[in-house]
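Every value quoted in this text rests on a predicted model; they were computed, and no experiment measured them. Residue numbering restarts at 1 for every chain, and letters A, B, ... go by the order of the sequence lines.
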Amino acid sequence: MLHEWQSHFANQLRVSPSDSEAELGALFGAQQHRFSVYRDNFIGSLVDALAETFPVTWQLLGERFFAAAAADFIRREPPVAARLSRYGGALPAYLHGHAALRELGYVADVASLEWARVESFFACMPETVVTPETLLDIAEEALPHLVFETVASLRIIVAPTAVLNIWRAHQQAEPQLDGIDPWQAQVVRVLCNRMQGVAAAAITPAHAVFLQALQQGADLSTAYEAAVVVAPDFDLQAALAAELTIGSFARVLVP
Amino acid sequence: MSVIERDMPAVESAARSYSRAAIGLRNPHLAEIGKARSELIWLEIHSENYLLPPTTPRYQALERVRHDFALSCHGVGLSICSADGLDRQHLQDLRVLYDRLQPFQVSEHLAWSVIDGRYYNDLLPIPYTDETLDIVCRNIDQAQEALGRRLLIENPSRYIDLPNSDWPEPVFLREMARRTGCGLLFDVNNLFISAHNLNFDAADYLQDIPVAAIGQFHVAGHSRRELTAADGKLDQLLIDDHGSTVLEGVWQLLDEMLALTGALPVLVEWDNQVPTLDVLLAEARHAQQRLDAVAGKAGNHAA
């Protein structure tokens with residue numbers, strides 16, 4: 001009985017006020033209007049939590065639009081756990097599908113980047129990483145078959161918009177958007193390490209394909225072949241050196 | 001129950017050692033909280049704010065704070081009144097945190113926020129029935145076992161007189177404490193608010209409260225909100241928003257309760273529109289004066 005009652009109560013939190021009058025009357029009688037205290041807390045506190053997780057998305061949409069969109073999202077997808085810092089993973093997809101944002105695709109892309117930063121932060125383990133020196137001890141003929149295990153905090157965002165430039169412009173009190181073409185496609189690598197925290201950098205599409213292949217367990221030669229399909233002049237040595245320097249790999253497996 | 005009695009210190013001794021006023025540690029004050037050392041001996045944290053990797057700056061700041069203050073950990077997400085039971089992973093995470101921090105008290109709310117696998121991020125009310133009591137006691141037993149600690153359970157602020165309730169709240173709390181061995185974190189502001197909203201007399205309520213189970217007091221600010229009922233009448237509610245100074249009526253109710261319990265830890269809660277640390281410390285000083293007055297009276301009795 002308590003289970004049914006709590007389910008019923010929770011369902012009423014999720015429907016918009018105009019749709020719930022008869023149900024609330026049955027649950028609470030003459031005090032049904034007081035249910036708004038709970039509904040306002042539920043929606044309001046989670047809108048605040050999402051605003052904290054997606055601060056640039058909040059700035060791009062403005063307070064009112066963000067609150068309305070977030071409230072609709074919250075009703076559809078309430079959190080599944082009490083750690084609100086990890087709530088909102090489905091918000092970028094929701095914004096991508098939002099009819100009113102069809103002409104403003106960069107907003108959802110920025111939300112994707114903000115969520116990638118959150119995931120990266122929480123995956124930031126004090127792990128040892130593969131350094132460039134590690135490769136000196138490996139026989140040359142083994143190199144094509146090396147498998148690089150990427151660190152847990154690595155995320156790659158492929159966006160048709162200038163997601164990183166827009167995000168960066170909003171890291172100052174007065175965002176400077178002059179000179180930013182929002183429709184210039186960007187690929188971003190997000191990574192967290194203990195020294196620098198979460199860092200995001202633009203990489204080339206071929207570099208992203210290379211990294212994604214490694215992330216999926218491909219060996220070095222297979223990842224390289226995938227990258228040259230995108231850019232025939234892909235510089236394997238430079239890409240590998242860059243990733244080793246920033247600590248993208250947790251382990252290297254020598255066959 | 002047996003584990004609680006055998007292995008855990010009583011509410012009484014933990015509580016009496018820290019019978020001073022305190023404040024909740026809030027993020028904006030993490031860097032400067034050290035300056036409160038001369039006046040505070042303990043702080044409260046919200047447990048869920050520190051379920052973080054120990055390498056994160058916020059967690060490391062807490063580790064530093066821990067050297068200067070005892071901690072009371074206040075959980076806001078366990079959903080102790082959920083008919084679905086408790087989230088084992090969440091319990092395990094809390095256990096790890098508490099084993100690291102060694103708080104002198106840990107507490108949860110007499111409320112639920114989880115049902116059917118969804119988390120509603122509010123302290124939702126329960127009807128006081130036999131079935132609810134069984135479920136709540138089972139969940140408290142499980143939590144105390146899993147955490148290896150006695151819990152203090154906080155009385156809720158109430159807005160709706162649930163038609164399906166048949167136990168008076170203080171009797172429900174007494175039975176819950178008797179069955180599980182848990183203590184009470186008594187929120188004086190919540191009683192003040194509930195008495196207004198549900199139109200009962202706080203003095204009657206106090207007659208039935210299990211005084212010996214109380215291990216800590218909370219006081220906080222509240223606000224008024226005017227709602228319109230279905231029949232068009234205006235309905236003025238008190239809202240537990242922890243966003244202002246404590247009102248005189250709440251301080252007076254605290255005085256009455258301290259007269260029943262003797263000195264205990266008293267926490268000033270302030271969670272919204274968090275003011276400067278100095279404002280919070282001024283509130284704590286006021287709470288300390290109320291505590292000192294009780295101690296003074298107890299001293300006079302002894303003499």
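- Contact of A:E4 with chain B is not made at all, since no heavy-atom distance falls under 4.5 Å.
- The candidate with the highest count of non-hydrogen atom pairs below 4.5 Å against chain A, out of B:N164, B:L78, B:T129, B:D241, is B:N164.
- For a residue to count as touching a neighbouring chain, one of its non-hydrogen atoms must lie under 4.5 Å from one of that chain's; by this rule A:R86 touches chain B with the side chain only.
- Contact of B:L52 with chain A is made through the side chain alone, with heavy-atom distances under 4.5 Å.
- Looking at B:R118, its side chain does come within 3.5 Å of a backbone N or O of A:P78 through a donor-acceptor pair.
- Between chain B and the residues A:Y38, A:Y87, A:F121, the most heavy-atom pairs under 4.5 angstrom are made by A:Y38.
- Atom CG of B:D231 sits in a crowded spot, with more than 12 heavy atoms from other residues, nucleotides or ligands closer than 6.0 Å.
- Counting only distance, with no hydrogens or angles, the side chain of A:R34 and the backbone of B:I160 share no donor-acceptor pair below 3.5 Å.
- A:R83 and B:L51 make their closest contact through NH1-O, 3.9 Å (heavy atoms, listed as atom of the first residue, atom of the second, distance).
- Side-chain atoms of A:Q6 come within 3.5 Å of backbone N or O of B:A83 as a donor-acceptor pair.
- Ring geometry, A:F42 versus B:Y120: the interplanar angle falls from 30° to 60°, so the pair is classed tilted.
- Here the shortest heavy-atom pairing between B:P125 and A:F9 reads CD-CZ, 3.6 Å.
- Across B:D87, B:L124, B:I135, the residue that shares the most heavy-atom pairs under 4.5 angstrom with chain A is B:L124.
- When all heavy atoms are compared, the tightest approach of A:F122 to B:P53 is CD2-CD, 4.3 Å.
- Contact of B:P54 with chain A is not made at all, since no heavy-atom distance falls under 4.5 Å.
- Annotation: maximal heavy-atom pairing with chain A below 4.5 Å, among B:N49, B:N272, B:T228, B:V114, occurs at B:T228.
- Looking at B:D93, the atoms closer than 4.5 Å to chain A (heavy atoms on both sides) all sit in the side chain, from C-beta outward.
- By the 6.0 Å contact criterion, CD on B:E63 is enclosed, its count of non-hydrogen atoms from other residues, nucleotides or ligands being greater than 12.
- The nearest pair of heavy atoms linking A:S36 to B:L227 is OG-CD2, 3.9 Å.
- Interface remark: B:L237 contributes side-chain atoms only to the contact with chain A (heavy atom separation under 4.5 Å).
- B:I239 touches chain A through its side chain: at least one heavy atom from C-beta onward sits under 4.5 Å away, while N, CA, C and O do not.
- Interface residue B:S82: backbone and side-chain heavy atoms are both found under 4.5 Å from chain A.
- For B:N121, the parts sitting under 4.5 Å from any heavy atom of chain A are the backbone and the side chain alike.
- For chain B, the option among A:A81, A:G25, A:G197, A:G29 with the highest count of heavy-atom pairs below 4.5 Å is A:A81.
- Closest approach of B:D116 and A:S7 over heavy atoms only: OD2-OG, 2.5 Å.
- A salt bridge links B:R225 to A:D40: one of the charged nitrogens lies within less than 4.0 Å of a carboxylate oxygen.
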- Message: What verdict does the side-chain contact (heavy atoms from CB on, under 4.5 Å) test give for A:W5 and B:L162, after you've listed the backbone C-alpha separation in whole Å, the side-chain angles of each residue and the deciding distance to 0.1 Å?
- Response: CA-CA 11 Å; A:W5 186 83; B:L162 298 175; 3.7 Å; yes
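- At least one donor-acceptor pair closer than 3.5 Å links the side chain of B:E131 to the backbone N or O of A:L2.
- Both the backbone and the side chain of A:A10 come within contact range of chain B, with heavy atoms under 4.5 Å apart.
- Only the side chain of A:L13 comes within contact range of chain B, judged by heavy atoms closer than 4.5 Å.
- Residue A:L84 touches chain B through its side chain alone, counting heavy-atom pairs closer than 4.5 Å.
- Heavy atoms closer than 4.5 Å to chain A are found in both the backbone and the side chain of B:D161.
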